[in-house]
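Accompanying notes for the structure given below.
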Amino acid sequence: QVKQRQPSVALKDKKIVFLGSGKMAEAMMGGMVNGGAVEATQVTACDPNAGRRTYLKDRFHILTTANNASAAKGADILILAVKPQTMALVFDSIRDTISKDCLVVSIAAGFTLSQIREGLGVKRVVRAMPNTPALINESITSWTFTQEVSPEQRRQAKELLSAFGAEVLLSDERMLDMATALSGSGPAMCQLMFEAMIDAGVHMGFARDVSRKLVLHTVRGAVNLALASGEHPSMLKNDITSPGGTTAAALYQLERGGMRTVFSDAIWAAYRRSRELG
Ligand code: NAD
């Protein structure tokens, strides 16, 4: 289900080209085209995989090509959505055809703004870090940009990145490594927690599908309550912790197991690793 929005004023008539049209690009195209922010004819999907091109053309009625150089020519916004190990190849394929004023938006993990500037010989670069819920238009995407990106291009980037979820503009590129740890690796950390809770339900005697339903709906409800109420999680937790009750017994064991420090250590480890890789 894609949230419908008004056609984007900032993106009106802009030629938007995806270099690499895999899972993340598809999520972004889906949000943009199906959500109504842009016309399908504004979007070109570039990918060497013929099966991907046919699939995306049928699904979104966008333009497709296997030729990076010709696709990049005349692009107003170029989205780099290939794997990090393919970036150098892509730089080589478009360096001579990309317009110097083109807005380049990279979602490739670990590639810095200056690496992209140097690799492509362009100045207007946005670096963004989406996360996997982008696949259902629920990404939280952090982003930052080079100082040459114009105010109009910033509006374009903001509308583009909010087409498949929410976005947060970070004032410093180094914070992207922090976001990589917290929201990039976050979904996997959450899945591990869900798995632990589901397994505990099975251990008590629930069928696995029943336990899964109870856990996932509990998590969804807790997240929606926290978002809707705007309350700090500690307040919502205290509200349901009766003196001498079941929740107090559970929370005691989680604290005893070092849950807060385990999460903190895990997120710091992901942050350090992100900096090592960058
Ligand atoms: P993917 O493998 O699904 O897609 C990559 C696509 O690039 C493929 O369709 C492939 O055919 C195409 N490709 C290969 N060589 C190419 C070339 N020379 N020119 C053009 N296209 C080429 O990968 P993905 O999961 O969509 O990830 C894309 C980028 O998004 C990665 O850099 C990744 O770091 C970043 N990212 C992914 C996630 C995630 O959760 N998947 C989250 C944040 C950022």
Side-chain angles (χ1 to χ4, degrees), residues 16-32 43-60 62-73 75 78-98 104-113 115-116 119-120 125-144 157 160-168 170 173 175-191 270-271 273-278:
I16 303 169
V17 174
F18 283 85
L19 290 187
S21 302
K23 285 186 297 295
M24 290 304 285
E26 181 179 347
M28 295 172 76
M29 290 167 195
M32 279 192 263
V43 179
T44 303
C46 199
D47 203 287
N49 181 331
R52 283 301 293 167
R53 296 197 303 273
T54 307
Y55 166 78
L56 293 170
K57 195 181 187 64
D58 289 348
R59 175 148 192 220
F60 300 125
I62 56 177
L63 311 173
T64 59
T65 175
N67 188 328
N68 289 357
S70 67
K73 204 171 180 180
L78 197 72
I79 302 170
L80 302 174
V82 291
K83 292 285 189 198
Q85 58 269 28
T86 318
M87 285 282 273
L89 210 62
V90 167
F91 288 167
D92 289 343
S93 68
I94 60 170
R95 195 178 295 114
D96 295 336
T97 53
I98 186 173
V104 175
V105 178
S106 167
I107 62 163
F111 262 80
T112 62
L113 290 172
Q115 283 173 316
I116 298 162
L120 281 177
V125 184
V126 163
R127 186 178 160 201
M129 173 49 61
N131 65 3
T132 44
L135 302 175
I136 54 159
N137 288 292
E138 293 277 0
S139 179
I140 176 71
T141 304
S142 305
W143 61 290
T144 187
L160 196 132
L161 298 174
S162 54
F164 55 100
E167 50 74 39
V168 175
L170 301 177
E173 186 178 10
M175 287 182 180
L176 269 188
D177 289 317
M178 290 156 54
T180 303
L182 200 57
S183 52
S185 302
M189 290 187 275
C190 291
Q191 297 297 346
Y271 175 46
R273 189 76 189 120
S274 173
R275 292 180 56 157
E276 279 166 18
L277 294 174

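For ligands, and for the atoms within them, numbers begin at 1 and follow the listed sequence. If you read the sequence from its start, that first residue is 1, and numbering goes on from there.
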Region of P84 engaging ligand 1 - heavy atom pairs below 4.0 Å: both
Residue and atom name of the nearest protein heavy atom (relative to atom 42 (C) of ligand 1), distance in Å to one decimal: P130 O, 3.6 Å
Protein heavy atom at shortest distance from atom 26 (O) of ligand 1: M24 N, 2.8 Å
Heavy-atom gap G184 to ligand 1 smaller than 4.0 Å: no
Minimum-distance protein heavy atom relative to atom 30 (O) of ligand 1: I107 CD1, 3.3 Å
Shortest non-hydrogen contact between A72 and T97, atoms and distance: CB-OG1, 3.9 Å
Euclidean distance, M129 CE relative to M178 CE, rounded to 0.5 Å: 13.5 Å
Residue part near ligand 1, for T86, under 4.0 Å between non-hydrogen atoms: side chain
Side chains of S142 and L176 in contact at under 4.5 Å (non-hydrogen atoms): yes
Within 6.0 Å of CZ in R95, more than 12 heavy atoms from elsewhere: yes
Atom 40 (O) of ligand 1 [closest protein heavy-atom partner, distance rounded to 0.1 Å]: T132 CG2, 2.9 Å
Atoms of ligand 1 close to D47 [distance to a heavy atom under 4.0 angstrom, numbered from 1]: 6 (C), 7 (O), 8 (C), 9 (O), 10 (C), 11 (O), 12 (C)
N or O pair under 3.5 Å between N131 and ligand 1: no
S139 side chain vs N131 backbone, donor-acceptor pair below 3.5 Å: yes
Nearest heavy-atom neighbours spanning M32 and L160: SD-CG, 4.2 Å
For atom 2 (O) of ligand 1, the protein heavy atom that lies nearest, with its residue and separation: K83 CE, 3.3 Å
Heteroatom proximity flag, P48 to ligand 1, N/O under 3.5 Å: no
Ligand-residue contact atoms, ligand 1 with N68, heavy atoms, under 4.0 Å: 19 (N), 20 (C)
Ion pair check, K23 and E26, cut-off under 4.0 Å: no
Pairwise side-chain contact, I16 with I79, heavy-atom cut-off 4.5 Å (strictly under): yes
Ligand 1-proximal atoms of A81, by part, heavy-atom distance under 4.0 Å: backbone
Residue and atom name of the nearest protein heavy atom (relative to atom 31 (C) of ligand 1), distance in Å to one decimal: V82 O, 3.2 Å
Heteroatom distance test (A109, ligand 1): nitrogen or oxygen, under 3.5 angstrom: yes
Flag side-chain contact, heavy atom, 4.5 Å: T112 against E173: yes
Proximal ligand 1 atoms for V90, defined as those under 4.0 Å from one of its heavy atoms: 17 (C), 18 (N), 19 (N)
Side chain N68, main chain I94, donor-acceptor under 3.5 Å: no
Minimal non-hydrogen separation, L113 against V125, with atom names: CD2-O, 3.6 Å
Pairwise distance NZ(K73) to CG(L78) - rounded to 0.5 angstrom: 14.5 Å
Nearest-neighbour protein heavy atom for atom 7 (O) of ligand 1, which is reported as residue plus atom name and distance: G20 CA, 3.5 Å
Residue, atom name and distance, where the atom is the protein heavy atom closest to atom 4 (O) of ligand 1: G22 CA, 3.2 Å
Min N/O separation K23 to ligand 1 under 3.5 Å: yes
